[in-house]
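A quick write-up on the structure given underneath.
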Amino acid sequence: MPVFVKKVLLWGSVAFLIYFVAFRPDSAARMCRAIGAGLMAMAQGIGDFLTGLVA
């Protein structure tokens with residue numbers, strides 16, 4: 001992918017993130033909580049897998 005396209009997509013994503021947090025803070029917080037919960041579930045699954053390998 002050309003560097004220009006990457007820069008445009010990156011800055012567009014940053015602008016959308018700022019807009020989303022500024023005008024929809026409740027939705028942004030809910031989305032961050034959901035992402036965090038998903039990451040915690042994945043970490044728990046990996047931990048359970050590694051515990052199962054050792055035991």
Side-chain angles (χ1 to χ4, degrees):
M1 189 180 300
V3 176
F4 177 73
V5 174
K6 286 183 182 179
K7 283 186 180 182
V8 168
L9 290 175
L10 175 70
W11 284 108
S13 299
V14 170
F16 176 74
L17 180 65
I18 291 170
Y19 172 82
F20 190 59
V21 170
F23 291 102
R24 303 266 187 211
D26 293 333
S27 298
R30 223 175 308 125
M31 186 177 70
C32 287
R33 270 187 259 132
I35 290 170
L39 291 174
M40 288 299 293
M42 285 190 278
Q44 181 68 41
I46 291 170
D48 291 344
F49 170 73
L50 293 175
T51 300
L53 286 178
V54 175

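Scope of the values below: all heavy atoms of this structure, side chains included, with no hydrogens, waters or symmetry mates.
- Once rounded to the nearest 0.5 Å, the distance linking CD1 of Ile46 with CD of Gln44 reads 10.5 Å.
- Arg30 CZ to Arg24 CZ: the interatomic distance, rounded to the nearest 0.5 Å, is 10.0 Å.
- Neither Trp11 nor Phe4 shares a network with the other; the hydrophobic side chains, linked directly or stepwise wherever heavy atoms of I, L, V, M, F, W or Y lie under 4.5 Å apart, form separate groups for each.
- Transitive grouping of hydrophobic side chains (ILVMFWY, heavy atoms separated by less than 4.5 Å) keeps Val14 and Val5 in distinct clusters.
- The side chain to side chain contact (heavy atoms under 4.5 Å, CB included) test with Lys7 is passed by exactly one of Leu10, Leu9, Val3: Val3.
- The ring-ring contact (aromatic ring centres under 6.0 Å, His included) search around Phe16 returns Phe20, not counting sequence neighbours.
- Residues passing the ring-ring contact (aromatic ring centres under 6.0 Å, His included) test with Phe23, sequence neighbours excluded: Tyr19.
- Cluster membership for Met31 and Leu39, using ILVMFWY side-chain heavy atoms within less than 4.5 angstrom, is shared.
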